[in-house]
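Here's the structure we're looking at; comments come further down.
Keep in mind that this is a model prediction, so the values were computed, not measured. Throughout, numbering of the chain's residues begins at 1 and tracks the sequence. For the numbers below, each heavy atom of this structure counts, side chains included, while hydrogens, waters and symmetry mates do not.
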Amino acid sequence: MRKRIVSLLASGTEIVNTLGLSDQLVGISHECDFPEELLELPRVSRPRFDPINLASGEIDQAVREAMATYGSVYKIDTAILAELNPSVVLTQAVCEVCAVPTSGVQEALDSMGLEAEIVSLDAHSIEEIFDSIVQVGEAMDHVDMAQTQVLGLRDRLSTVQETVSTSPKIRVLAIEWLDPPFAPGHWVPEMVEAAGAENLIGTPGQHSHQVAWSDLQGLDPDALVIMPCGYGLEAAYEDANKNRDRLVEIAPRAISEGRAFVVDASAYFNRSGPRFVTGVEILAGLFHPTLCPATADEHATVWSAN
């Protein structure tokens, strides 16, 4: 039976696309930006503030104020939701700052008298990302396709790990937000390790967390990766420039030796969807350029403090 899917998180939309079920997708979230052919679908959520032209410190403050006032950063357009009348809604309970939380979806459905299966994709690790893909496949009665896609992703991940396994691990400082600085969490530390590096801050499977700049001094990483959550490559580069002095203080050697990198965090690192494997491949190309294929310019670039 054909189902009507509303996806309220970008990774959910990407999973649906990977499974070949895009024709059953009827609505997407404000943050969904891939694949391009789905972007004309109705947007069912929106942020409670306009992040355009805000610096990272201003966004951080706006997020904190929205959480304090509303308990949520995002608002569901219940009128559009009712019009779409979905049978399946994809959401998450991992991070209330990143996407509409499961509790908000249930409240919106109840308020409109709608009945839909809520599929909460709550990945905190690489293994749980694979589980989420299968979870969507089960909800859409396409579990065989989901398992096939997972096998392909596992093969790519294993190829990277095997390629870098004989090379010494470099020490990597990855930063997930700059003002204030945040240590990466969930699956990102695992991605760094899978790419053949030692991750210096952040705990696998745990939430990203705020740190002080002083906590990062003295780490002297071999490489610095700047990956502000939700930022594409250009925005991340600009944010690094705005925090130039701080970055030079914590990673002078990596920067001077050309091993400070800015990546497209929004597409390949922040989302618990299939493109995280591309993120691991990107990192491997940056950390081990003699062993792994070069990273495409649109995915990552060297950041210079000059």
Side-chain angles (χ1 to χ4, degrees), residues 3-52 54 59 63 66 72-102 104-105 108-109 116-123 129 132-133 135-137 139-140 142 146 149 153 186-187 227-236 263-279 298-299:
K3 297 185 179 182
R4 297 172 59 80
I5 314 168
V6 165
S7 174
L8 292 177
L9 70 164
S11 58
T13 299
E14 294 183 21
I15 291 172
V16 169
N17 178 68
T18 294
L19 298 183
L21 301 173
S22 297
D23 61 329
Q24 299 185 50
L25 196 63
V26 296
I28 57 178
S29 78
H30 62 283
E31 67 172 353
C32 294
D33 56 12
F34 181 86
E36 186 174 351
E37 59 267 23
L38 299 179
L39 303 189
E40 296 303 316
L41 289 171
R43 304 278 178 164
V44 187
S45 64
R46 63 178 183 272
R48 294 185 182 275
F49 63 90
D50 186 356
I52 301 299
L54 294 183
I59 292 176
V63 166
S72 171
V73 180
Y74 307 105
K75 181 177 179 61
I76 296 175
D77 191 319
T78 52
I80 293 179
L81 185 64
E83 182 180 344
L84 296 176
N85 191 26
S87 51
V88 175
V89 180
L90 304 181
T91 183
Q92 58 85 47
V94 173
C95 176
E96 293 183 346
V97 172
C98 297
V100 177
T102 302
V105 176
L109 290 173
E117 178 184 1
I118 297 177
V119 180
S120 190
L121 306 179
D122 301 332
I129 293 176
S132 291
I133 296 172
Q135 188 179 354
V136 174
M140 300 305 299
H142 280 70
Q149 292 298 319
L153 294 171
H186 303 301
W187 52 87
M227 47 171 59
C229 186
Y231 279 25
L233 188 60
E234 183 178 350
V263 299
D264 184 344
S266 178
Y268 303 108
F269 297 92
N270 306 147
R271 297 177 181 177
S272 55
R275 288 198 292 170
F276 90 88
V277 176
T278 302
E298 66 267 25
H299 295 165

Using a 3.5 Å distance criterion without hydrogens, assess whether the side chain of Asn17 forms a donor-acceptor pair with backbone atoms of Ser22. no
With sequence neighbours left out, what residues match His142 under ring-ring contact (aromatic ring centres under 6.0 Å, His included)? none
Is atom CD of Glu117 surrounded by more than 12 heavy atoms (other residues, nucleotides or ligands) closer than 6.0 Å? yes
Measure from the side-chain N and O atoms of Ser45 to the backbone N and O of His30, and report whether any donor-acceptor pair falls under 3.5 Å. yes
Does any N or O in the side chain of Ser29 come within less than 3.5 Å of the main-chain N or O of Glu31, such that one atom is a donor and the other an acceptor? yes
Glu298, CD: over 12 other non-hydrogen atoms inside 6.0 angstrom: yes
To the nearest 0.5 Å, atom OG1 of Thr91 lies from atom CD1 of Ile76 at 7.0 Å
If you round to the nearest 0.5 Å, how far is OG of Ser272 from CD of Gln92? 7.5 Å
In sequence, state the C-alpha distance, the side-chain angles, and the governing distance for Ile133 and Leu153, and then conclude on side-chain contact (heavy atoms from CB on, under 4.5 Å). CA-CA 11 Å; Ile133 296 172; Leu153 294 171; 3.6 Å; yes
How long is the gap from OG1 on Thr13 to CG on Leu21, to the nearest 0.5 Å? 12.0 Å
Closest non-hydrogen atoms of Ile15 and Pro274, given as atom of the first, atom of the second and distance, are CG1-CD, 3.7 Å
Check this for me: Glu37, atom CD, are more than 12 non-hydrogen atoms of other residues, nucleotides or ligands nearer than 6.0 Å? yes
Using the side-chain contact (heavy atoms from CB on, under 4.5 Å) definition, which of the options Leu81, Ile5, Leu25, Ile118 pairs with Pro86? Leu81
Evaluate the criterion side-chain contact (heavy atoms from CB on, under 4.5 Å) for residue pair Val26 and Leu41; output intermediate values, then yes/no. CA-CA 6 Å; Val26 296; Leu41 289 171; 5.7 Å; no
Looking at Ser7 and Ile28, would you say the former's side chain and the latter's main chain have a donor-acceptor pair under 3.5 Å? no
Identify the two heavy atoms, one from Pro42 and one from Ile80, that lie closest to each other, and give their separation to 0.1 Å. CB-CG2, 4.1 Å
Minimum heavy-atom distance between Arg275 and Tyr268, given as atom pair plus value: O-CD2, 3.7 Å
Residues Gly232 and Asp264: closest non-hydrogen pair is CA-OD1, 3.5 Å
To the nearest 0.5 Å, what is the distance between CG on Leu9 and SG on Cys32? 7.0 Å
Main-chain N/O of Ser266 paired with Arg271 side-chain donor or acceptor, under 3.5 Å: yes
Has the side chain of Arg4 got a donor or acceptor atom that lies under 3.5 Å from a matching backbone atom of Leu84? yes
One should read off an interatomic distance between Ile129 CD1 and Phe276 CZ, to the nearest 0.5 angstrom, of 5.0 Å
Interatomic spacing from CZ in Phe269 to OG1 in Thr278 - rounded to 0.5 Å: 9.5 Å
